[in-house]
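Here is the naming used below: chain letters follow the sequence lines, and residue numbers restart at 1 for every chain.
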Amino acid sequence: MCPTILMPLVDFLRRTEVPWIPPNDGALSECISAAVQERPRIAHGGPTYTQVVKLPKDYQGLAGSLADFSRRHDWGSEYGGRNALMYLIGELVHNVYDHSDSSNSYLMAHRDDWGKDVELAVFDDGVTMAGSLRKSGIVVEDDVLAIAMAMNGLSSKGEGRRGYGLRSNVRMCVQGLRGSVLAVSGGGAIEFCAFEEGRDDVQEGYELNDNVYRLAGTLASVRIPFQKKGVNIYDFA
Amino acid sequence: MTSPERVHVKTILFEDLIMRLSAADLFEVIERVPGDAVEVDFEGVKSCTRSFADEYYMRKLRSAKAVREVNMPTCVHQLLMAVAHPGKKDQVIDIEKLKITVV
């Protein structure tokens, strides 16, 4: 089960305490249990289900947590290198602390040896992108537009110097690493995928109109194909 | 003439520089250093986000101290150059052409 699905699920289970039936897969069951109970995973053989990392409330402990996380993923040696991986995670997580006003936030990555890619996601239960913009006096019509404007560099912090983090991450993932980015926030979602050479990259938006589908927070997920070559993040920063 | 005091980034923060608030913390240390000049030693730093670099750059501009960087890795140097000369924010998402599906 990929981080994109798992992290909002874990947050829902933890928040609502609704009874749940564990999946047959022991490793996946342990992964979900550990995340819901906020404890370290017991090591388990089988597919590479990694731990859902709860981000610390205090930003001062964050760098160490992210370093431990990255070390478990071999410092991104197959995903563009350490600098790219820490830049990617760092900017995604930074946005959580800076904008979300969340109570809980999580980070997870899952390496897929069959699909030859890694999926990495950050989830928070905060005010959503539109909510963050509204708090700073920027009224955006809907959640899809809020996500698009955030990806284009609009920041709730207002000054012209801000807003480059998410934008540079999206560019690096899609144009640099030829991967894909999915951002879901409240009632909106945008997916931006690299396509094969010679064809335009694909951008699609989704309105999650029914309350059943609305996300109580923001999820930013990237999928990056394995690659030996490092990426020069400065081309996208 | 005395040498300027040296502040070691990796000791105060970490080898991965991520948060704006961390750059602010670094400058709180820098501002408390006696004297008018400070050397900021980036030895051992392995990665940097643009957010950190931007906050560092803005704090350095506002500081009354003469701040000089030493042992700066490429990752920090190039990001400081990028934030010193921020480019135009070209559109990443083409909002006009974005196809929206109602779920």
Side-chain angles (χ1 to χ4, degrees), chain A residues 59-60 62-64 66-67 70 75 81-91 93-95 97-98 142 144-145 147-154 160-171 174-175 181 187-190 192 202-210 213 232-234 237, chain B residues 9-26 28-29 42 44-59 61-62 73-103:
Chain A
Y59 74 91
Q60 275 134 350
L62 182 63
L66 297 190
S70 298
W75 296 108
R82 176 173 183 159
N83 202 22
L85 178 64
M86 293 306 287
Y87 185 96
L88 173 63
I89 298 173
E91 290 290 356
V93 167
H94 186 279
N95 281 343
Y97 284 81
D98 221 22
D142 61 52
V144 178
L145 188 57
I147 297 169
M149 292 171 79
M151 285 184 169
N152 282 343
L154 178 65
R161 300 190 61 82
R162 304 293 292 267
Y164 282 88
L166 177 59
R167 181 177 170 276
S168 60
N169 258 346
V170 171
R171 291 181 68 221
V174 179
Q175 294 159 1
V181 174
I190 286 183
F192 187 10
V202 175
Q203 301 180 355
E204 301 210 13
Y206 301 90
E207 273 184 21
L208 313 175
N209 262 344
D210 195 308
Y213 297 116
N232 185 358
I233 65 173
Y234 318 109
Chain B
V9 176
K10 190 181 162 185
T11 306
I12 294 165
L13 299 176
F14 201 71
E15 52 197 19
D16 301 293
L17 307 176
I18 297 170
M19 302 289 287
R20 281 185 182 273
L21 287 173
S22 298
D25 291 344
L26 177 64
E28 278 191 21
V29 174
F42 283 88
V45 167
K46 296 280 189 332
S47 72
C48 183
T49 62
R50 183 177 173 131
S51 297
F52 180 96
D54 186 66
E55 188 69 21
Y56 179 93
Y57 174 76
M58 294 305 293
R59 295 260 172 178
L61 280 184
R62 292 198 291 261
T74 306
C75 61
V76 176
H77 174 72
Q78 292 198 268
L79 280 173
L80 284 177
M81 296 293 289
V83 300
H85 307 284
K88 185 168 158 265
K89 288 181 193 167
D90 295 329
Q91 270 199 336
V92 173
I93 301 294
D94 189 340
I95 295 174
E96 297 293 319
K97 292 187 181 164
L98 186 65
K99 185 183 99 174
I100 298 179
T101 302
V102 178
V103 176

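- Taking CD1 from A/I233 and SG from B/C75, the interatomic distance works out to 7.0 Å, rounded to the nearest 0.5 Å.
- Under the 4.5 Å side-chain criterion, counting only non-hydrogen atoms from C-beta, B/L79 is in contact with A/Y87.
- With a threshold of 4.5 angstrom between heavy atoms, A/Y206 approaches chain B through its backbone and through its side chain.
- A/E91 places a side-chain N or O within donor-acceptor distance of the main-chain N or O of B/S51, the cut-off being under 3.5 Å.
- Contacts of A/Q175 with chain B are absent, with no heavy-atom separation under 4.5 Å from either backbone or side chain.
- Nearest approach of A/N83 to B/K46, heavy atoms of both residues: OD1-O, 4.0 Å.
- The heavy-atom pair separating B/F14 from A/A67 by the smallest distance is CE2-CB, 3.4 Å.
- For B/I95, the part sitting under 4.5 Å from any heavy atom of chain A is the side chain, from C-beta outward, and nothing else.
- Among the candidates A/A84, A/A148, A/S70, the residue making the largest number of heavy-atom pairs closer than 4.5 Å to chain B is A/A148.
- The shortest non-hydrogen separation linking B/V92 to A/N152 is N-OD1, 2.7 Å.
- Heavy atoms of B/D25 lying under 4.5 Å from chain A belong exclusively to its side chain.
- Contact count against chain B (heavy-atom pairs under 4.5 Å) is highest for A/Q203 among A/M86, A/R171, A/E204, A/Q203.
- Side-chain contact check for B/M19 versus A/L62: some heavy-atom pair is nearer than 4.5 Å.
- One distance of note links CD of A/Q60 with CG of B/L13; it measures 9.5 Å at 0.5 Å rounding.
- Contacts of A/L145 with chain B are made by side-chain atoms alone, with heavy-atom separations under 4.5 Å and no backbone atom involved.
- Of the listed residues (B/T49, B/I93, B/T101), the one with the most heavy-atom contacts under 4.5 Å to chain A is B/I93.
- Using a 4.5 Å cut-off between heavy atoms, A/L66 contacts chain B through its side chain alone, with no backbone atom that close.
- Counting heavy-atom pairs closer than 4.5 Å to chain B, the top-ranked of the candidates A/F192, A/Y97, A/Y234 is A/Y234.
- For chain A, no part of B/M81 is nearby; none of its heavy atoms comes within less than 4.5 Å.
- Contact of A/I190 with chain B is made through the side chain alone, with heavy-atom distances under 4.5 Å.
- Side chains of A/V144 and B/L98 form a contact here, defined as non-hydrogen atoms less than 4.5 Å apart.
- Between A/R82 and B/D16 there is a side-chain heavy-atom pair separated by less than 4.5 Å.
- Ranked by non-hydrogen atom pairs under 4.5 Å with chain A, the options B/R50, B/Q78, B/K99 are led by B/R50.
- In terms of heavy-atom pairs under 4.5 angstrom with chain A, the leader among B/D94, B/L21, B/T74 is B/L21.
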